[in-house]
Colleague: 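My structure is below; once you've seen it, I'll send some questions.
Chain letters run A, B, ... following the sequence lines, proteins first, then strands; residues in each count from 1.
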Amino acid sequence: MSRYNAKEVEEKWQSRWDAAGCFSAREDEARENGAREKYYVLEMFPYPSGKIHMGHVRNYTIGDVVARYKRAKGFNVLHPMGWDAFGLPAENAAMERGIHPAEWTYANIATMRAQLKLMGLAIDWDREIATCHPGYYAQQQKLFAAFMKAGIVYRKESSVNWDPVDQTVLANEQVIDGRGWRSNALIERRKLSQWFFRITAFSDALLEGLEGLDRWPEKVRLMQRNWIGRSEGATIRFEIEGREDRLTVFTTRPDTLFGASFCALSPNHPLAAEVAAGDPSAKTFIEECNRLGTSEEAIETAEKKGFDTGLRVRHPFLPDTSLPVYIANFVLMEYGSGAIFGCPAHDQRDLDFARKYALPVVPVVLPADADPENFVVGTEAYTGDGTAFNSGFLDGMGVEAAKRAAIDRLAAAGQGESTIQYRLRDWGISRQRYWGCPIPVIHCPTCGPVPVPEDQLPVVLPDDVTFDAPGNPLARHPSWKQTTCPECGGPAERDTDTMDTFVDSSWYFARFCSPRAEAPMDRKAVDYWLPVDQYIGGVEHAILHLLYARFFTRALAEVGHVGLPEPFAGLFTQGMVCHETYKDPDGKWLFPEEVEKLGDGSARHLETGQPVVLGRSESMSKSKRNVVDPEAIIGTYGADTARWFMLSDSPPERDMEWTDAGVEGAWRFTQRLWRLLTDNLDSLPPKGTAVPGDLGGAALDLRRAVHKTVQAFGDDLEKFRFNRAVARIHEVANTLGGFKPADEAGRAMLRESLELVVRLIGPMMPHLAEEMWQSLGHEGLLANEAWPQVDGALTADEQVTLAVQVNGKKRATVSLPMDAPEDVAQEMALADPAVLRAMDGKAARKVIVVKNRIVNVVV
RNA sequence: GCCCCUGUGGCGGAAUUGGUAGACGCGACAGACUCAAAAUCUGUUUCUCGCAAGGGAGUGCCUGUUCGAGUCAGGCCAGGGGCACCA
């Protein structure tokens, strides 16, 4: 019995693919104007953290199956790889180990590239890019300049999220529960001048664009919808007593205006600042509010607090009524106009506030079955539907009608109009870090911020920087920032901030179309390749990266770099790779290789013999030590086995558990496929032997089974049901294993079957498939073979088994010719002894026959 | 609190979209080969009553629609995820 040597075989085929240039597609004319339809498959590019992990293996295996399958189906496939190479860990390495971020990053890239190559991926390495390479970020700086010119990027003084540990500003999207997404440090508020991308200008477009993304998971679209957070409502401008200016508020409930009992300002509202200027106690109150911070605990425990400014506004519908104006700690400056009107009866926060400050609570929406005389609001606001009452001209209207009527009246009086608000805010991209794309702007004392002219790009990161102190190495570099103003020629300083690394990943998919172009992208190339037909990555990027990339594409379209609004036509979010966790009795995490599993389900420490506490399966992470090194697995079992296991069992969108038993099972199956070939090789007829058309018996059954597998396998791949596709190969292997050819026709059939199976497993286990293909006598690469055609005549069965039910309960099965008439099926069913027994001598009241499926006898 | 998703054997999961529940794999058990082990091969494996032939129950729980429900509807329960002082 010959044993399959994965290591040797895999090396061999990887170098053959390389030599043949199978997957590298240089940027020539032919590549982009071929007769074949294009297909762009892309997996989210990795951050070069050091080594690849199992999550990468899963991600890139899925992508590779798609790439190889589409290639075999005749598509002109683009499947590139690159590195999301800027970011903080490189600077941390510099601080901790005195190694330059560039050196650390490029070393990691080299390691990880070599590891990815071990996987045998059908990747076009000629198009490899790294975002930290000046060839990439120079183009990004051009995009920044173009966006500046188009007004998509702007500078403003703003209160920002300051991460005290990473010493940088974070975008709202990067603050999770009031903590930095990387450092987990409590975020502080600071005032800084920052660069912003005007993503809010695209709010509606980004929202509406989601409708067309029918090959995206509904879950991701929903998350983005919620994140954009569109609310329809009204702007109301209240007259302030004794003043000329007005107080502008936003509300989604203009129908409850008659129930208003106060207005409230955010502590950061300009009017609040004005009040504070003349009132020390207001100032103290505002300071208190700001100290509270935005952490989760702070919000959960914070009481609704307010400060009465003494100002009063006039009610727009009730000339004789005025409302007090408070400064309130629960009003956000960032949303709406930073001011609200409070209707305590129908908003819980307003109610809490009103009870604390003894403000009136007037219900104005009556629930359907409530009595207007007795309806009162106690400690819970009524936020449901109902009919307006206590509301003057709105009385009797439903909520929606009342909203419209209230807005019409406000508009007629010039006191307001209908408004749409978004939760989405502009994207602050300035980061006070070194290892990022320098913002190509020069600050001139006379001309202000001036973009670096294109002929002076790129603004290259200096190499000679120090990491021995916290803060921004660029800012403290002795000479780098000193320059002259491109406009007036006077002395000026460079912007020392770099761009958020999410900018780098917002357009890399476009750069892959023309990775060496002198411009950010070659319009002809992007017009040909974009959109990405299938994007594959983790669901953790459902909001940040995917929303930014969508915004960027629209911005790129606006400045003429691309001609389409959406970058990713299809999105697939794969689940995480999990592993059991282990702790010693002291609660210290243990690595899987430190643990010996015992037969009774318990485990012990391999060295000390101490009992080990088995924890539940969690996503692999260094901190929990439940990681398995892909390189070690590939070294032991080969890439094909690792790939096969990744695709088996768990549906790709779900989390999967990595187990030793599972990999070993995949390994055994790899060997089994190999044996299936080598055990039969000597008896097979030569390549190209035709199978006779008048096949019968077991050989015909085999032919049907195999062709059905070809059909079903292809369907499964199209629908990303890799686990089912794997199961089908197991099934067909079982069938083949049991097939003993009786004659020459049978042997020809066996050859045909083996060849088909080899071609099917090609996308999943490419090395094994090549080796088997070669052993079957083929000279060319399987990678260049077309996908097998399905012969419809061969997938149809002659006989079908129907279930027979009596009163909906299965009692028997009957075998019938395919498409047998219904009365034949009925007759057969009613003649079955088990059916007769179940009918218990009664006559059939009704018989339902579903062709080729089922017979149900009702008695 | 609001929004969304998921509940099927010991485990991962199938189920032609309303038509034979448990494909396939893992694990387990039994057997063959072997001096023995590994590897391999052959069975069995939802639970339950029965020696058997056969029966009964069964897709988180409860109701309903239907000749027929894992699949559809309504109401619960449990787990997971997203957002969260958003006016």
Colleague: Could you write nucleotides 51-63 of chain B as a row of B, S and -, 5' to 3', where a protein heavy atom under 4.0 Å of any base atom gives B, of only sugar-phosphate atoms gives S, and otherwise -?
Modeller: ---SSSS------
Colleague: Tell me the interatomic distance from A:Arg672, atom CZ, to B:rC41, atom C1', rounded to whole angstroms.
Modeller: 10 Å
Colleague: Let me know the distance between CE of A:Met223 and C1' of B:rG80, rounded to the nearest Å.
Modeller: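 These atoms are roughly 13 Å apart.
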Colleague: Using OP1 and OP2 only, check whether a side-chain N or O of A:Arg423 sits under 4.0 Å from B:rA84.
Modeller: yes
Colleague: Rounding to a whole Å, what distance do you find between A:Arg728:CZ and B:rA14:C1'?
Modeller: 9 Å
Colleague: For B:rG9 versus B:rG25, give the span between their C1' atoms, rounded off to a whole number of Å.
Modeller: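 Straight-line distance between the two C1' atoms is 14 Å.
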Colleague: With both distances kept under 3.5 Å, what pairs with B:rG58, Watson-Crick or G-U wobble?
Modeller: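 The base-pairing partner of B:rG58, which may sit in any strand shown, does not exist here.
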Colleague: Taking only residues two or more places apart in sequence or in another chain, which ones pass salt bridge (charged side-chain N to carboxylate O under 4.0 Å, His left out) with A:Lys305?
Modeller: none
Colleague: Considering only atom P, compute the distance from B:rA52 to B:rC33 and round it to an integer number of Å.
Modeller: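 It comes out at 28 Å once rounded to the nearest Å.
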Colleague: Report the glycosidic orientation of B:rU17: syn if within 90° of 0, anti in every other case.
Modeller: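 That one's syn.
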Colleague: Hey, can you pull the residues of residues 345-356 of chain A with a non-hydrogen atom under 4.0 angstrom from RNA chain B?
Modeller: A:Arg349
Colleague: How long is the line joining CG of A:Leu544 and P of B:rG82, in whole Å?
Modeller: 12 Å
Colleague: Determine the contact category for A:Arg845: base if any of its heavy atoms lies under 4.0 Å from a base atom, sugar-phosphate if only primed atoms, P, OP1 or OP2 are that close, otherwise nothing.
Modeller: nothing
Colleague: Check ring pair (Phe, Tyr, Trp, His ring centres under 6.0 Å) between A:Phe722 and all other residues, then give those that pass, not counting sequence neighbours.
Modeller: A:Phe720
Colleague: Looking at B:rG50, which nucleotide sits across from it as a Watson-Crick or G-U wobble partner, both distances under 3.5 angstrom, or is there none?
Modeller: none
Colleague: Looking only at side-chain atoms of A:Trp227, point me to the closest of B:rG19, B:rC85, B:rC83.
Modeller: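 When the side chain of A:Trp227 is considered, B:rC83 is the closest of B:rG19, B:rC85, B:rC83.
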Colleague: Could you tell me whether the phosphate oxygens of B:rC26, OP1 or OP2, come under 4.0 Å of any side-chain nitrogen or oxygen in A:Thr659?
Modeller: no
Colleague: Taking the side chain as every heavy atom from C-beta outward, state whether A:Thr735 and A:Phe739 have any atom pair closer than 4.5 Å.
Modeller: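 No; the side chains remain at least 4.5 Å from each other.
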Colleague: By salt bridge (charged side-chain N to carboxylate O under 4.0 Å, His left out), which residues pair with A:Asp716, not counting sequence neighbours?
Modeller: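 Checked A:Asp716 against salt bridge (charged side-chain N to carboxylate O under 4.0 Å, His left out); matches are A:Arg721, A:Arg724, A:Arg728.
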Colleague: State which residues pass side chain to side chain contact (heavy atoms under 4.5 Å, CB included) with A:Glu232; sequence neighbours excluded, sorted by chain then number.
Modeller: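 With sequence neighbours excluded, A:Glu232 shows a side chain to side chain contact (heavy atoms under 4.5 Å, CB included) to A:Arg230, A:Ile420, given in chain and number order.
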Colleague: Does B:rA36 have a Watson-Crick or wobble mate here (both distances under 3.5 Å), and if so which one?
Modeller: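 Partner of B:rA36: none found under 3.5 Å.
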Colleague: Which residues pass the side chain to side chain contact (heavy atoms under 4.5 Å, CB included) test with A:Gln826, not counting sequence neighbours?
Modeller: A:Leu830, A:Val847, A:Val849
Colleague: Is it the case that the ring center of A:Tyr637 lies less than 6.0 angstrom away from the ring center of A:Phe645?
Modeller: no
Colleague: Using whole Å, what does the distance between atom P of nucleotide B:rG81 and atom CD of A:Glu653 come to?
Modeller: 17 Å
Colleague: Under a 3.5 Å cut-off for both distances, is B:rA78 Watson-Crick or wobble paired, and to whom?
Modeller: B:rU6
Colleague: Measuring only the P atom in each nucleotide, how far is B:rA39 from B:rG7? A whole number of Å is fine.
Modeller: 36 Å
Colleague: Kindly point out which of B:rG82, B:rU40, B:rC24 is positioned nearest to the side chain of A:His730?
Modeller: B:rC24
Colleague: Atom CD of A:Glu664 and atom OG1 of A:Thr636: how far apart are they, to the nearest 0.5 Å?
Modeller: 10.0 Å
Colleague: Write out a two-atom table: protein N or O, nucleotide N or O from nucleotides 64-68 of chain B, distance below 3.5 Å.
Modeller:
from	atom 1	to	atom 2	distance (Å)
B:rC67	O2'	A:Asn856	ND2	3.1
B:rC67	O2	A:Asn856	ND2	2.6

Colleague: Checking base pairs now: Watson-Crick or wobble, both atom distances under 3.5 Å. What partners B:rC29?
Modeller: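 When the pairing criteria are applied, B:rG43 turns out to be the nucleotide that pairs with B:rC29.
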Colleague: With both distances under 3.5 Å as the test, what is the Watson-Crick or G-U wobble partner of B:rA73?
Modeller: B:rU63
Colleague: Rounded off to whole Å, could you give me the CH2-to-P distance for the A:Trp216 and B:rG82 pair?
Modeller: 18 Å
Colleague: For B:rG82 and B:rC11, measure between their C1' atoms and round to the nearest Å.
Modeller: 29 Å
Colleague: What's the base orientation of B:rG7: syn (chi within 90° of 0) or anti?
Modeller: anti
Colleague: Using the C1' atom as the reference point in each nucleotide, state the distance between B:rA14 and B:rC24 in Å, no decimals.
Modeller: 8 Å
Colleague: Around atom CD of A:Gln799, are there more than 12 heavy atoms of other residues, nucleotides or ligands at under 6.0 Å?
Modeller: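 Yes, the 6.0 Å shell around CD holds more than 12 heavy atoms from other groups.
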Colleague: How far, in whole Å, is B:rG12 from B:rA23 if one measures between their C1' atoms?
Modeller: 13 Å
Colleague: Look at the side-chain N and O atoms of A:Arg225 and state whether any lies under 4.0 Å from the OP1 or OP2 oxygen of B:rC83.
Modeller: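 A:Arg225 to B:rC83 OP1/OP2: no side-chain N or O under 4.0 Å.
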Colleague: Please report the closest heavy-atom contact between A:Ile407 and A:Gly233, naming both atoms and the distance.
Modeller: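 Heavy atoms of A:Ile407 and A:Gly233 come nearest at CD1-O, 4.1 Å.
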Colleague: Nucleotides 2-12 of chain B: which of its N/O atoms have a protein N/O under 3.5 Å away?
Modeller:
from	atom 1	to	atom 2	distance (Å)
B:rG12	O2'	A:Ser650	OG	2.9
B:rG12	N2	A:Asp649	OD1	2.9

Colleague: Return the nucleotide paired to B:rC86: Watson-Crick means purine N1 to pyrimidine N3 with N6-O4 or O6-N4, wobble means G-U with N1-O2 and O6-N3, both under 3.5 Å.
Modeller: none
Colleague: Taking only the C1' atom of each, what is the distance from B:rG13 to B:rC83 in whole angstrom?
Modeller: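 Result for the C1' pair: 31 Å, nearest Å.
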Colleague: Name the nucleic acid region contacted by A:Val331, choosing base, sugar-phosphate or nothing; use a 4.0 angstrom heavy-atom cut-off, strictly under.
Modeller: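 Base contact - A:Val331 has a heavy atom under 4.0 Å of at least one base atom.
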Colleague: Can you sort out the partners of A:Asn5 under side chain to side chain donor-acceptor pair (under 3.5 Å), two or more places apart, ordered by chain and number?
Modeller: A:Glu8
Colleague: If the plane angle is over 60° it's perpendicular, under 30° parallel, otherwise tilted; pick one for A:Phe317 and A:His315.
Modeller: tilted
Colleague: Which pairs pass salt bridge (Lys or Arg N to Asp or Glu O under 4.0 Å) with one or both residues in residues 817-837 of chain A, sequence neighbours excluded?
Modeller: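 Counting only pairs at least two positions apart or across chains, no salt bridge (Lys or Arg N to Asp or Glu O under 4.0 Å) contact touches residues 817-837 of chain A.
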Colleague: For the pair made of CZ in A:Arg253 and C1' in B:rA87, what is the distance, rounded to whole Å?
Modeller: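 Going from A:Arg253 (CZ) to B:rA87 (C1'), I get 11 Å.
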Colleague: Are the ring centres of A:Tyr326 and A:Tyr357 closer than 6.0 Å?
Modeller: yes
Colleague: Tell me which nucleotide, if any, is Watson-Crick or G-U wobble paired with B:rU17 when both distances must be under 3.5 Å.
Modeller: none
Colleague: Nearest-Å distance, CG (A:Leu736) to P (B:rC41)?
Modeller: 14 Å
Colleague: Categorize A:Arg668 for me: base, sugar-phosphate, or nothing, with a 4.0 angstrom heavy-atom threshold over every strand shown.
Modeller: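 The answer is sugar-phosphate, as A:Arg668 gets under 4.0 Å only of primed atoms, P, OP1 or OP2.
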Colleague: Would you call the rings of A:Phe330 and A:Phe353 parallel, tilted or perpendicular, taking 30° and 60° as the class edges?
Modeller: perpendicular
Colleague: Which residues pass the salt bridge (charged side-chain N to carboxylate O under 4.0 Å, His left out) test with A:Asp255, not counting sequence neighbours?
Modeller: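 For A:Asp255, the residues satisfying salt bridge (charged side-chain N to carboxylate O under 4.0 Å, His left out) (neighbours in sequence not counted) are A:Arg253.
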Colleague: Taking atom C1' in both B:rC77 and B:rU16, what distance in whole Å separates the two?
Modeller: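 Their C1' atoms lie roughly 32 Å apart.
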Colleague: Using the ring of each side chain (for Trp, its six-membered ring), is A:Tyr335 parallel, tilted or perpendicular to A:Phe250, with breaks at 30° and 60°?
Modeller: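 If you compare the ring of A:Tyr335 with that of A:Phe250, the planes turn out perpendicular.
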